[in-house]
Chemist: 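Quick one: the structure is below, and I'll ask about it shortly.
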Amino acid sequence: MRPDHRAAGLSDAEYGEIIRTLGREPEHAELMILGVMWSEHCSYKSTRRLLSSLPTSGEAVVQGPGENAGIVDIGEGWGIAFKVESHNHPSAVAPYQGAATGVGGIIRDVLAMGARPVALLDGLCLGGQSCPEAAALADGIVKGIAGYGNAVGVPTIGGKTLYDGCYNSNPLVNAMCLGLVPLDGIVSSRTARPGQLAVLIGSRTGRDGIAGAAFASSGLADDTRSSRPQVQIGDPFVEKLLVECCLEIHSKGLIVAMQDMGAAGITSSSSEIAAKSGTGIRINADLVPLREEMEPWEIALSESQERMLLIAEEEALEEIGSIADRWQLDWAVIGEVTDDGLFVMTKGGREVVSLPAEMVGGGCPSVQWPSRKPSGGVKGRGVPSGLLDPPETARCLSTILEDPNLAERSRIYRQYDYMVQTNTVVPPGNSVSIFRVRENRSFVAVTMEVDPWKCSLDPFAGAAETFLKALRPLWVSGAKHLGMTNCLNFPSPEDPENHWILERSVSGLAAVARDLACPVVSGNVSLYNESPSGKILPSPLVAVVGLQDCNSPPLRDSATLEAGSVFLVGDTQGTLGGGAFSRIITPGAEHNPGDYVPLKEKDFMERALKTVRKEAAAAGRAIAGGGLMTSLAKMCIKADIGIGLDSAVLDSDPECLFGEWGPRAVYLVPERSTELFLSCWEGFPVRRIGEITPGGLTLDGHEMLPEETRAEKAGRK
Amino acid sequence: MTDLVWHEHTTLPRDTGLVVLPGGFSYGDYLRCGAIAAKSPIIDAVIKHASSGLPVLGICNGFQILTEIGLLPGALLANTSLDFICDFCHVRVEREDTPFTGHYRKGEVLRIPIAHYEGRFYLPEEQLRALEEEGLVVFRYCSPEGVTGEDFTPNGSPNGIAGIINRKGNVLGMMPHPERATESLLGSSDGAPLWASVNSWIRGRLGV
Amino acid sequence: MTFLARILVFPREGVLDTQGKAVEKSLNRIGFGSVREVRVGKYIQVLLEADSEADAAAAAESMCGELLVNDLIEDHTVQVGPWKP
Amino acid sequence: MTFLARILVFPREGVLDTQGKAVEKSLNRIGFGSVREVRVGKYIQVLLEADSEADAAAAAESMCGELLVNDLIEDHTVQVGPWKP
Ligand SMILES: Nc1ncnc2c1ncn2[C@@H]1O[C@H](COP(=O)(O)OP(=O)(O)O)[C@@H](O)[C@H]1O
Ligand SMILES: [Mg+2]
C-alpha cells in the first residue's frame with residue numbers, strides 16, 4: 001500500500017503541487033524521496049526567503065552560499081573554504097555518534113570544494129550542569145567530537161561552549177570545518193555534463209540514518225526510541241582515506257564535479273548536481289555497493305557516512321579506480337549524467353523513480369509562516385543597579401567567575417588534538433584561534449560566537465552583537481575579517497512568535513554583514529529545536545574567518561609583563577541586558593539591550609588593526625562575557641600577572657565594571673609604547689585605568705581575585 | 001632527505017638511515033592501538049632495519065606499534081583519566097648517550113606536546129623493575145623544574161615513563177611528539193635537538 | 001548473595017561495525033582467508049549483590065538500559081549466574 | 001562448513017582495568033549500589049570456514065595469538081560452534 005503523503009512529511013499543499021507538476025501521483029519511492037528532499041533540513045523552505053536577505057558578496061568572496069562550502073581569498077592564489085553545520089537532533093539521541101558524524105559531515109562538505117581540511121571548530125550549547133542527563137549528553141558529545149576529529153587528523157582549534165537549562169534535552173552541536181584550496185583548483189557541483197559518469201567512492205551503503213533529514217526537521221519526539229534507526233555511525237579512519245583519495249584524484253585533474261553525501265545520501269548528492277548543472281542524472285541502484293539487502297528507496301535515502309559522489313569522464317575511470325583501490329576504498333560507477341533533466345533511479349532494469357531533477361534537488365515551494373512580535377515586547381529599563389564598592393565588586397566577580405559559562409574550557413579542548421598538522425599558532429583557550437598557512441605565509445584567524453540570552457532579549461540587537469562578538473576579537477588580534485558562516489538554531493518556525501524572532505535575528509546578522517562588509521559565504525539552518533520539555537532560546541551561531549599577513553605577529557589576549565599600563569578603549573559604560581551580571585548576580589532584573597552603532601564598530605576595527613600593525617600593545621582583549629572586570633581577571637589568571645586598578649578613572653556601577661555590548665577592549669601596553677598606543681586610539685574613548693603589578697587584581701588596593709582563585713583557574717591547583 | 005613509505009610496500013628506500021613510525025590513528029586505533037598496523041607488509045623491513053643496528057623511532061601511535069611488533073617491551077594502556085589528552089607537558093631527558101638524545105644533556109627538561117588516549121605504559125612489575133635497572137627509560141614526565149612524580153604524569157604512566165629504548169639502544173619509543181616542537185611559533189622548539197641528534201649520529205655512523 | 005552478570009554488547013544488525021570491518025580486513029590480509037565476517041563488541045562482567053538470580057538479572061538488565069548499552073545502535077545479551085570465586 | 005567463533009578478551013589479572021573501574025563508579029553513582037566489581041573487555045565474533053570444528057577452533061586460537069589478543073595485557077577464551085544463521 002502506498003504510504004500517505006503526510007507520513008512522508010509532505011503537507012497537503014505540497015502534495016498537490018507535486019501532482020500538478022508531475023501530472024500523476026508519485027510512486028512509493030518517489031514519495032519517500034520527495035518527503036525527505038522537501039523537508040526543512042534539505043530544502044530550507046521556511047528560511048530560503050529570509051536567507052536571501054543576507055549580503056553574500058564582497059572583495060574576498062570567491063564562492064558564496066549555494067555550494068557545499070563558501071570560499072574566501074587569502075592571497076597568492078589560495079583560498080579558505082569553510083562552513084558550519086548542525087548535528088543537533090542526532091546528538092540528542094546518540095551523543096557520541098551524533099557529534100562524531102557531525103564532524104565527519106562538515107569535513108566532507110569542505111572536501112567537496114576540492115579543499116584539504118585543515119581545521120575544525122565546534123559550537124556547543126549544552127544543558128545545565130545540574131541536570132545529570134544533560135551532563136551525560138555533554139560528555140558523549142565532547143567524546144564524539146574528539147573521537148572523530150582526532151582520528152581523522154584534523155585539528156580542532158577552537159569553538160564555543162555554553163550552558164543553559166533550555167538545552168537539557170536538546171543540546172546544540174554545530175561543527176565547523178576550514179579547508180585550504182588553490183583558487184585554480186576549486187571543485188564545483190554545478191559543472192556536470194551529459195554523458196559523464198557518477199562514481200561513488202567510500203563506505204558501502206547500509207540501512208543507517210534513513211530519513212535522518214526528515215528527522216532533523218521536526219521536534220524531538222518524547223519517545224526518542226521511535227526515532228532511533230535514524231542515527232549513523234561514523235568511521236573516521238575511512239574518512240581519512242576518503243579525504244586523501246579524493247584529493248589525490250583531484251590533483252590528477254580527474255574530477256568534473258563532486259558532492260558529499262550528507263542528508264538524503266545518493267538522492268540529494270546526485271539530484272543536486274543535476275539540478276545545479278542543468279542536466280539530468282540516471283542512477284542504477286543495482287550498482288551501489290551495499291552492506292545488506294535494501295529497498296530502492298532505502299538505497300536512495302541512506303545516510304551511510306564516508307561516501308562521496310564524483311562526476312568524471314569515462315576516460316578517467318581507470319585511474320580513479322586504481323587510486324581508490326590503493327586507498328582500499330570501495331568504489332563503483334552508479335550512474336550517468338543525462339540531458340533530459342530527470343532524476344531517474346532504476347532497480348532490476350525498472351525505473352522506480354523518475355522525477356524532474358529540479359523538483360528533487362532544486363528545492364521546493366517556499367513556506368511563509370506567519371510572524372508576530374512576542375507580546376512581552378522588549379523589556380523596559382530596570383531600576384539603576386546602584387554602585388558597587390570594592391568588596392562587593394570582588395564578590396560579584398568571584399560569583400561570575402564560578403559560573404560554568406565563564407569558566408575556562410580546557411576540560412573540553414584538552415580532549416581534542418588541536419596541534420595535529422603542526423600549523424596551530426594560537427590554540428583553543430584564547431579569544432581567537434589562529435593557524436598559519438605555509439603556502440602563502442599568512443595567518444588565518446577564526447572566532448565563533450553564540451549568545452542566546454542577548455538574542456532572546458532582542459533578536460535584532462542580540463544577533464548583531466553575537467556577530468560583533470565574533471568580529472572584535474579578530475580585529476584586536478590583528479586579523480581583518482574576510483567572511484562569515486552561521487548556523488541558525490531556532491525552535492519551530494511555525495509558531496508566529498518564534499518566526500518573528502527568527503526574522504529579526506536574520507536582520508541583525510544582515511545588518512552587520514552589510515555595514516561592516518563581512519559577507520555571509522555559507523551557513524546552515526536548524527529549526528524545530530524543541531522537545532516535550534520546552535524549546536531552546538534563539539541561538540544563531542556565527543563564525544568569522546579573518547586574515548593577517550605574517551609581517552606582524554598576532555596580538556595575544558594576555559601577556560606576561562613586568563610593568564606597563566592597562567588601557568580601556570571604548571565607552572566607560574557597557575550595558576547589562578542579557579549579560580553575565582544580570583543573569584548571575586541579579587536574575588530577574590530587567591535591562592535594556594545595547595545599541596548597535598555601526599560607525600563606532602568600524603572606527604574600533606580600524607584602530608584595533610592599527611594597534612597590531614604598529615605593535616603598539618603587548619596584549620589586548622575585546623571585552624565580552626562578564627564585562628571589564630571579568631576580562632581583566634582572565635588576563636591576570638592566564639599570564640599570572642597582577643593589575644592594579646585606579647577607581648578614580650573608573651565608574652563604580654555595574655554597567656562600567658560588568659557591562660557588555662559594544663566595542664570595548666582592554667590593552668596591556670609597555671611604557672615605551674604608550675605614546676604610540678595613544679596615537680592609534682586618538683579620537684576614540686581611551687583611558688588608562690591601571691598598571692601592571694606583582695600579585696593579583698586589585699581595585700584601590702582591594703584584592704579582587706584571591707590567590708586560590710587565580711591558582712585554581714590557572715590550573716595550578 | 002625524507003621519504004614517505006607506503007604501508008603495503010615491503011622494502012625501505014635504499015640507504016635509509018632513520019625509520020620513523022609517526023603518530024596518527026593507524027587503522028582508526030581499532031581493536032588495540034597499533035595492533036593492526038603492526039601487521040602491515042612494511043613491518044618486516046622495519047624489523048630488519050632495527051636488527052641491523054640502525055635507528056628506529058616510534059612516536060605516539062608509532063610507539064604503540066613498536067610494542068605490538070615486539071621491538072620494544074610493554075604495552076600502552078588508556079590514560080587513567082580515560083580522556084584523550086592534548087597538551088604541552090614537560091619531560092626530563094634521562095640519557096644523553098643514545099642516537100636520539102646526543103644533543104641534550106642528561107637531566108634537561110623539555111617542553112613538548114602529547115596527544116593521545118593510550119599513553120600509560122605497562123609492564124608487569126618485575127619486568128618494569130628490570131627495565132629501570134637497565135636504564136632503558138629515556139624520557140620521564142616531570143614538572144617544569146624537572147621533578148618527577150604522579151602529579152606531573154598526565155596519563156598515569158608508572159614512574160612517569162614517557163619514552164623507552166631497547167637494550168641495543170637503537171629503537172626508541174615515546175609518547176610525546178618531538179616533531180610538534182620544532183618551532184617556537186607553535187609553542188616550543190625543544191624537540192628540534194632530537195632530530196639534530198639522530199642526524200649527527202647517522203652521519204657519524206655512515207661516515208658522511 | 002553475589003552474582004556474576006556477563007553482558008555482551010555488539011553493534012546492531014545493520015549498524016556499521018567499523019572495528020569489525022577493520023579487523024576482518026586485517027585477518028584476511030595476514031593469512032586468515034577463511035574469515036567471512038567479524039563483529040567486535042564489548043564484554044562487560046559485573047559482580048553484584050542480589051537476593052536472587054532473578055533480581056540480579058533484572059538489575060543487570062536495567063544497568064544495560066541506563067548506562068551500558070545504547071539500544072539505538074547496540075544489541076545485548078545478559079547471562080547471570082551465582083558467582084564462584 | 002561455516003563456524004562461529006566467540007572470543008572474549010578481558011584485561012589480565014593485575015592489569016588495572018580503568019574502564020571497568022570507571023563503569024563501576026558510574027553504576028554506583030546512578031543508583032546501582034549493589035555492584036561490587038566491573039570488568040570491561042571485548043567480545044569478538046568471527047564467522048569462518050573450516051573443515052571441522054577442531055580446525056575452526058585452532059584457526060580462531062591462532063587469530064588470537066597473531067592479532068586479536070595481546071597476552072601481555074589480556075586474557076581470552078574462545079568458544080567455537082557451527083554457525084546457524
Ligand atoms: N567546544 C569547544 N571546542 C574547542 N574549543 C573551545 C570549545 N569551547 C570553547 N573553546 C575554547 O575555549 C575558549 C573560551 O571559550 P568560550 O566558551 O567561547 O568562552 P568565551 O566567552 O571566553 O569566549 C576559546 O578559546 C574557545 O576557542
Ligand atoms: Mg569565544
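Hydrogens, waters and symmetry mates are skipped; everything else that's a heavy atom, side chains included, is used. Every chain is numbered from 1, with letters handed out A, B, ... down the list of sequences.
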Chemist: Sort by residue number and list every member of residues 23-40 of chain D having a non-hydrogen atom under 4.5 Å from chain C.
Modeler: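 V23(D), S26(D), L27(D), I30(D), F32(D), S34(D), V35(D), R36(D), E37(D), V38(D), R39(D), V40(D) fall under the 4.5 Å cut-off.
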Chemist: Can you measure from CD1 (I44(C)) to CD (Q19(D)) and round to the nearest 0.5 angstrom?
Modeler: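 These two atoms lie 8.0 Å from each other.
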Chemist: Taking every non-hydrogen pair under 4.5 Å, which of V46(C), L8(C), V9(C), T2(C) racks up the most with chain D?
Modeler: L8(C)
Chemist: What are the residues of residues 58-71 of chain D, in order of number, with any heavy atom under 4.5 angstrom from a heavy atom of chain C?
Modeler: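 Near chain C, by residue number: A59(D), S62(D), M63(D), E66(D), L67(D), L68(D).
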Chemist: So how far is it from T77(D) OG1 to Y43(C) OH, rounded to the nearest 0.5 Å?
Modeler: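 With rounding to 0.5 Å, OG1 (T77(D)) is 7.0 Å from OH (Y43(C)).
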